[in-house]
Amino acid sequence: MQMESEEERTTLDVERNGKQYNESEAEHNLLQAFIRSIPDAVLICDVSGVLIECNGAFTEMFGWTREEIMGVHATDLIFLPEDADIREEQKKVFHGLQEGRTYRNYRTRRMNKQGGMVELSITYAPVRDEAGRMIALSGIYRDVTDLQRLEAAVTAAETNYRLIAENMKDMIALLDLTGVVRYASPSYLNVLGFRREEFEGTNCFRLVHAEDLSIVRSRFERLLMTGEQQTVEFRYLRADGTYLWVETQASLLEEGDGGRCVLAVSRDIGERRELEEQLASMALEDTLTGTANRRLFKELLDQALRFCRRDGQQLAMIHVNLDGFRTVNEACGRERGDRVLKDTADRLQECVGEAGKVCRAGGDEFLLLLYRVEDAADAARTADECLNCIHEPHAADGGEFRLTGSMGIALYPDDSDDAIELMNQAHLAMFKAKEAGGHRRAFYTETVGPEAAAE
C-alpha cells in the first residue's frame, strides 16, 4: 500500500480546512441573512454578554447604529432606562439566561436614542450548537407600545363602563346566547333582592312570569336571528316571591374573541304600569261604582250589535233612573248616598248576571245591556227583577229605607239597529215610565206611537 508523502498530507489538510472554513462562512452568511429577514428587532450577544450581532429592525427601532452598540456588554446598554427596578430585573433575567432559561413574552420597556420609551415584549433564549452547547444569547424585541395603549384604554373603558353600570338605576345584565346570566349590576340584585351567587350563572327565563314567558322567549329568539334590538315588558320574580313589572331592551354584542352575548338593560316600570292601569280604569270605569262608564258601555253595545247581526239574535237596552234619590242625599248626606249608588249597581249586576252589563251613566242613572234576549217578554222579566232588587231595603241609622226606579226598554232589531238610537229610545221610554208614577218599566214601542217615532 502506497504511503502519503508529507507534502501530500499537508495539501489535504489545507484543502480540508479550506472546505470547513467555506462551510462555516456559508453558514454564517446564511445566519446573517436569516437574522436580517426577521421583522422583529434581534440582538445577539456571546455567553459573557458582549453584543456581537443585531439586525436592521433593531437599529431602526432604537436609533443606534450597529457600530455604536457592538462590543458593549448587555447590562451596560445605554437603551436601558434610568430605572433601578428595571436594571436590577434585567440583571436577574440575564443571569437566568446564562443558566439556560428562556423568557417568553417578557414585558418591559427600553429607551431609544431620542430618549423616548418603547414598550416591549421580549423573548430571551440561549443559542445552542448541534451538540447542545450554549454558544450565544439572543433577544427578540417586539414593540407593543400601541398594543399596551389599547389595552390600557380598554381596561379604562371597562372600568368606566363597570362604574357606570354599577351606579345606574337601570338594571344591566350580560347573558349568554341561552339566557344564562354572566353578569348582573348591583341595581339588578338590589331591586330583585337576590344575592349575586343566587342570580349570576342561572337562566334568566326561570324568573319570568308564566303568562309572559312566550313573548319574552319569542323576542329573545328574534334578537338572535336578526340582531335587531328588542324591547319587551314583562313580570319578573323577586326573591320575596312577588313580581315586578320591567321594561327590557336587549341588544346583541360582538365580543373580542368572535363570540356573541346579549346586553339586557331593564328598568322598573311598576309605578308606570300601575298608573296606566289606573288611567285605563278611570277612562273605562265609573270610579264610584266600578261599573262600566258611558264610553265603555257604548263600545260594548256596538260590539254586541255586531254579534247579534251576525248570529241573528236580539238584545235589550234599558235605561234606569232612581226615583226620588235626591231625598237620600238631603236626608243622609252625600257619603251615604254614594254607598246607596254602589249597592244599587251591585244589585243590578247581580240581577243581569253574565247575560248583561251595567253602566252608571251619571248621577242616579244606570244603563243595562241584556245580551241575546229571547223576546220582549224575556227583557220584561229581567227588568222586573231589577225593579225588585232596587226596592230591597237599604240600611240607615236607626232603621231602613227603600227606593224605587223607573225603566225604559228599547229592543234590537225591533226598535233600531243603531247603538246611539237605541240608547236614546231607552232614555225616552224611561221618562214615560217616570211620568206614569215611577217604580215601573216601559217599552219604547209602548210609549211612543208611530207618528212620534217618525219625527
Please check: side-chain N/O of [X] versus main-chain N/O of [Y], any donor-acceptor pairing under 3.5 Å?
| X | Y | answer |
| --- | --- | --- |
| Thr226 | Arg222 | yes |
| Gln349 | Gly353 | yes |
| Thr242 | Arg238 | no |
| Gln229 | Ala250 | no |
| Arg196 | Ala184 | yes |
| Arg107 | Glu119 | no |
| Asp176 | Thr178 | yes |
| Arg347 | Cys389 | yes |
| Arg339 | Gly337 | no |
| Asn55 | Val42 | yes |

Can you confirm whether [X] sits close enough to [Y] that some side-chain heavy atom of one is under 4.5 Å from a side-chain heavy atom of the other?
| X | Y | result |
| --- | --- | --- |
| Ser416 | Gln425 | yes |
| Thr291 | Asp346 | no |
| Asp384 | Arg441 | yes |
| Leu263 | Gln249 | no |
| Leu120 | Arg142 | no |
| Leu348 | Ile390 | yes |
| Phe62 | Lys113 | no |
| Phe401 | Val328 | yes |

Electrostatic pair Arg101:Glu99 at N-O distance under 4.0 angstrom:
no

What's the separation between atom [atom1] in [X] and atom [atom2] in [Y], rounded to the nearest 0.5 Å?
| X | Y | atom1 | atom2 | result |
| --- | --- | --- | --- | --- |
| Arg310 | Leu305 | CZ | CG | 13.0 Å |
| Ile409 | Ile318 | CD1 | CD1 | 4.5 Å |
| Ile172 | Arg267 | CD1 | CZ | 10.5 Å |
| Asp343 | His394 | CG | NE2 | 6.5 Å |
| Arg235 | Leu207 | CZ | CG | 14.0 Å |
| Ile44 | Ile140 | CD1 | CD1 | 8.5 Å |

Please say whether more than 12 non-hydrogen atoms of neighbouring residues, nucleotides or ligands are located less than 6.0 Å from [atom1] in [X].
| X | atom1 | answer |
| --- | --- | --- |
| Glu60 | CD | no |
| Arg334 | CZ | no |
| Glu335 | CD | no |

Looking at every non-hydrogen atom in both residues, tell me the closest pair between [X] and [Y] and how far apart they are.
| X | Y | result |
| --- | --- | --- |
| Ile69 | Cys54 | CD1-SG, 4.0 Å |
| Ala345 | Phe366 | CB-CE2, 3.8 Å |
| Leu387 | His439 | O-CE1, 4.2 Å |
| Asp302 | Ala419 | OD1-CB, 3.1 Å |
| Cys359 | Phe297 | CB-CD1, 3.3 Å |
| Glu89 | Tyr106 | CG-OH, 2.8 Å |

Would you please test Thr248 and Val216 for side-chain contact (heavy atoms from CB on, under 4.5 Å) and show each step?
CA-CA 10 Å; Thr248 297; Val216 173; over 6 Å; no

Do you see a donor-acceptor pair shorter than 3.5 Å between the side chains of [X] and [Y]?
| X | Y | answer |
| --- | --- | --- |
| His319 | Glu365 | yes |
| Ser406 | Asp323 | yes |
| Asp286 | Thr289 | yes |
| Thr102 | Arg104 | no |

Could you walk me through whether Thr108 and Arg110 pass the side-chain contact (heavy atoms from CB on, under 4.5 Å) test, one step at a time?
CA-CA 7 Å; Thr108 186; Arg110 295 290 184 265; 3.3 Å; yes

Validate the cation-pi geometry between Arg217 and Phe205: distance from NZ or CZ to the six-membered ring centre under 6.0 Å, angle to the ring axis within 45°.
yes

Evaluate the side-chain contact (heavy atoms from CB on, under 4.5 Å) criterion for residues Met407 and Met430: first the C-alpha distance (whole Å), next the side-chain angles of each, then the deciding distance (0.1 Å), finally the verdict.
CA-CA 5 Å; Met407 294 189 177; Met430 180 273 295; 5.9 Å; no

Which word best sums up how the rings of Phe199 and Tyr188 line up, parallel for under 30°, tilted for 30 to 60°, or perpendicular for over 60°?
tilted

Classify the ring geometry between Phe234 and Tyr236 as parallel (under 30°), tilted (30 to 60°) or perpendicular (over 60°).
perpendicular

Begin with the C-alpha distance, continue with both residues' side-chain angles, and end with the deciding distance and a verdict on side-chain contact (heavy atoms from CB on, under 4.5 Å) for Asn321 and Lys434.
CA-CA 8 Å; Asn321 179 262; Lys434 188 173 285 291; 2.6 Å; yes

State which residue, out of Asp311, Asp378, Leu315, fulfils the side chain to side chain contact (heavy atoms under 4.5 Å, CB included) condition with Arg372.
Asp311

Run the salt bridge (charged side-chain N to carboxylate O under 4.0 Å, His left out) check on Asp83 and Arg109 step by step: do they pass?
CA-CA 10 Å; Asp83 186 312; Arg109 64 181 185 273; 3.2 Å; yes

Please lay out, stage by stage, how Tyr124 and Phe94 fare under the test ring pair (Phe, Tyr, Trp, His ring centres under 6.0 Å).
CA-CA 9 Å; Tyr124 290 120; Phe94 180 73; 8.7 Å; no

